[in-house]
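Reckoned from all heavy atoms, side chains included, excluding hydrogens, waters and symmetry mates. This chain uses plain numbering: 1 for the first residue, then up along the sequence.
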Amino acid sequence: MEKASNLDSKMYVLDTNVLLHEPLAYLSFQEHDVVIPMTVLEELDHIKDRKHDVSRDARVAIRGLDEVLKDATPEQMLKGVALPSNKKAKASSAGTLIIVNDHLFVDSISGLPGNENDHRIINCAVHLQKQHPNSKVVLVTKDINMRLKAKGAGLKFVEDYRTDQLIDDIALLSSGYKKIAGDFWQHVGECETQQHGRDAFHKVAKSLIPDVFCNEYLLDDSGQFAARVKSYDEQHIMLKDIGVERLMHQSAWGVKPKNIYQGMAMDALLDTGIELVILTGPAGCGKTLLALACALEMVVEKGIYDKVIVTRNTPEIAESIGFLPGTEEEKMAPWLAAITDTLEVLHKGDENPISSRNYIMEKANIQFKSVNFMRGRSIQNAVVILDESQNLTASQLKTIITRCGEGTKLICSGNLAQIDSNYLTPVTSGLTYIVERFKDFEGSATVNLNGVVRSRLASFAEENL
């Protein structure tokens, strides 16, 4: 949050959706006062018993508030209870947590009718603004319409909760590769080269590319040079020389890259030293097809892994799959039609593609699993494909990533332009979160697959609709 130039004392009024988004959000406001209206506690109470993923967050928020306020008297709660220090915050002093009984305020303060919870919370913030003219009273809510109504009701400061957002704009999201103008070797001064088998490694000055991260790909305008960052320190970068020709001549399960972006993706997918591969890009760029082709290559042809586990969230935000008949795999089949479609594409030249698909599903031990049942598992020696991961929250993705044991490779694919969840935006999606959080982890790689290769129709739709 930006500091006010004229008002050093700040009072943040939190909406319910902020605590549902991040249950311990009240610890993120450093040395300032955090106000929780009674209406917010009532909403948390109504939500905590629902059979939804959001209910868990409500319960965590309630338990956290109870931990802070358990020894406080009613007078202390109204005056302010000192918040525990937040390890991430760099504040000189701790803030306070205040519970306000907003039911005591008259509706006429903001001009909004008081029979709606949103209006009560806005009413509370406007009342505090009048009661504390020397403080900056800020309503923090993720509800865009509520922010508009609050400003219309006379509240000067209204903000979105952005503490957990690692980037401000989706355009700033890492693509996993950098393009260097001109010929790369024309920019390089001293270069130390080492040969390990068929791979060449170049040690170049970090001043050439100051803001690199592990497993980031480098391309230049010559159309010949391609490399991947293996490691770096303050002075040097170690590059693995791959070359565009080598990237474009890879093959997995009969699939060859159609462009350089697919070439980089296949290089990361087929490298067993990379445990997490994140594929982003528009619909039709080949994310699922490449992931499945490389998984089959590594399981069936090379025998590196034992099985393929495919999972994705169901449209109800990864909640119920119980209304469909059959086993877990049969219930998941409608949501995973993209995988079976891709298997048919990979075997379209066979005499009987359906029989080939079924044979390969058995041969590669392809299992369809629901995100619901991933908690508590430990997945060993498998390729896990997490499709449509843009619809998952950071906590759901954390649950899946922490299931991966020794010898397991996780492939996350998603299109941030096609988020179906009501609670997520491109900058708050779990996919965006892991791209930024894992970009400097030596066991992960990110590739944004530019360009639609599905069909001329799909390409035109992506560009013009």
Side-chain angles (χ1 to χ4, degrees), residues 1 3-4 7-50 54-106 109-110 114 117-143 146 150 155 157-159 161 163-164 395:
M1 300 284 179
K3 288 192 174 290
L7 296 174
D8 292 329
S9 173
K10 294 181 184 178
M11 190 175 284
Y12 290 98
V13 181
L14 303 192
D15 187 17
T16 314
N17 52 42
V18 173
L19 294 174
L20 294 176
H21 178 75
E22 189 176 319
L24 302 180
Y26 50 84
L27 297 176
S28 301
F29 293 90
Q30 301 182 7
E31 72 273 20
H32 306 295
D33 296 329
V34 178
V35 175
I36 307 288
M38 201 72 77
T39 301
V40 169
L41 296 179
E42 290 170 357
E43 286 195 319
L44 289 174
D45 190 50
H46 290 144
I47 291 167
K48 72 177 178 16
D49 294 324
R50 296 180 190 170
V54 75
S55 304
R56 181 186 64 84
D57 296 322
R59 291 191 293 271
V60 172
I62 292 166
R63 283 195 292 268
L65 291 169
D66 176 64
E67 187 64 30
V68 175
L69 302 169
K70 62 182 179 182
D71 297 323
T73 64
E75 291 78 15
Q76 288 173 325
M77 285 174 66
L78 294 172
K79 190 177 179 182
V81 178
L83 284 164
S85 59
N86 185 1
K87 288 183 286 184
K88 294 180 182 177
K90 298 177 181 177
S92 55
S93 59
T96 59
L97 179 66
I98 305 167
I99 303 296
V100 173
N101 188 353
D102 51 320
H103 294 281
L104 299 176
F105 305 149
V106 294
I109 291 174
S110 67
N117 289 340
D118 283 0
H119 295 175
R120 285 194 189 128
I121 296 167
I122 294 170
N123 201 45
C124 173
V126 174
H127 176 87
L128 291 171
Q129 183 177 261
K130 292 187 176 182
Q131 195 176 9
H132 303 276
N134 295 322
S135 294
K136 179 181 177 181
V137 178
V138 184
L139 174 63
V140 184
T141 176
K142 299 197 73 63
D143 185 335
M146 188 173 175
L155 196 62
F157 304 105
V158 185
E159 295 180 10
Y161 181 73
T163 305
D164 66 329
S395 62

Next on the checklist: Under a 3.5 Å distance rule, please check whether E22 uses its side chain to pair with a backbone N or O of L19 as donor and acceptor.
Outcome noted: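 Not a single qualifying donor-acceptor pair exists.
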Next on the checklist: Check the orientation of H21 and Y161. Use parallel for under 30°, tilted for 30 to 60°, and perpendicular for over 60°.
Outcome noted: perpendicular
Next on the checklist: Working note: F157 + L139, criterion side-chain contact (heavy atoms from CB on, under 4.5 Å); need CA distance, chi angles, decisive distance, verdict.
Outcome noted: CA-CA 7 Å; F157 304 105; L139 174 63; over 6 Å; no
From [atom1] ([X]) to [atom2] ([Y]), nearest 0.5 Å:
{"X": "M146", "Y": "H119", "atom1": "CE", "atom2": "NE2", "value": "8.5 Å"}
{"X": "T39", "Y": "I121", "atom1": "OG1", "atom2": "CD1", "value": "5.5 Å"}
{"X": "I47", "Y": "R59", "atom1": "CD1", "atom2": "CZ", "value": "11.5 Å"}
{"X": "H127", "Y": "H132", "atom1": "NE2", "atom2": "NE2", "value": "7.5 Å"}
{"X": "N101", "Y": "L78", "atom1": "CG", "atom2": "CG", "value": "8.0 Å"}
{"X": "C124", "Y": "D15", "atom1": "SG", "atom2": "CG", "value": "11.0 Å"}

Shortest non-hydrogen contact between [X] and [Y], atoms and distance:
{"X": "L97", "Y": "I36", "value": "CD1-CG1, 3.6 Å"}
{"X": "L44", "Y": "A58", "value": "O-CB, 3.9 Å"}
{"X": "T141", "Y": "D143", "value": "OG1-N, 3.0 Å"}
{"X": "V60", "Y": "P23", "value": "CG1-CB, 3.5 Å"}

Taking C-beta and beyond as the side chain, do [X] and [Y] meet within less than 4.5 Å on heavy atoms?
{"X": "V137", "Y": "V13", "result": "yes"}
{"X": "E42", "Y": "H103", "result": "yes"}
{"X": "M11", "Y": "K136", "result": "no"}
{"X": "V68", "Y": "V81", "result": "yes"}
{"X": "K48", "Y": "I62", "result": "yes"}
{"X": "D33", "Y": "K10", "result": "no"}

Next on the checklist: Is there a side-chain contact (heavy atoms from CB on, under 4.5 Å) between L83 and T96? Walk through the geometry before answering.
Outcome noted: CA-CA 5 Å; L83 284 164; T96 59; 5.8 Å; no
Next on the checklist: Between V35 and L128, is the side-chain contact (heavy atoms from CB on, under 4.5 Å) condition met? List the steps.
Outcome noted: CA-CA 10 Å; V35 175; L128 291 171; 3.9 Å; yes
Next on the checklist: Less than 3.5 Å apart, any donor N or O on the side chain of N117 or R120 sitting next to an acceptor on the other?
Outcome noted: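 Indeed, the side chains of N117 and R120 share at least one donor-acceptor pair under 3.5 Å.
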Next on the checklist: Less than 3.5 Å apart, any donor N or O on the side chain of S55 or D49 sitting next to an acceptor on the other?
Outcome noted: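 The answer is no; no qualifying pair exists.
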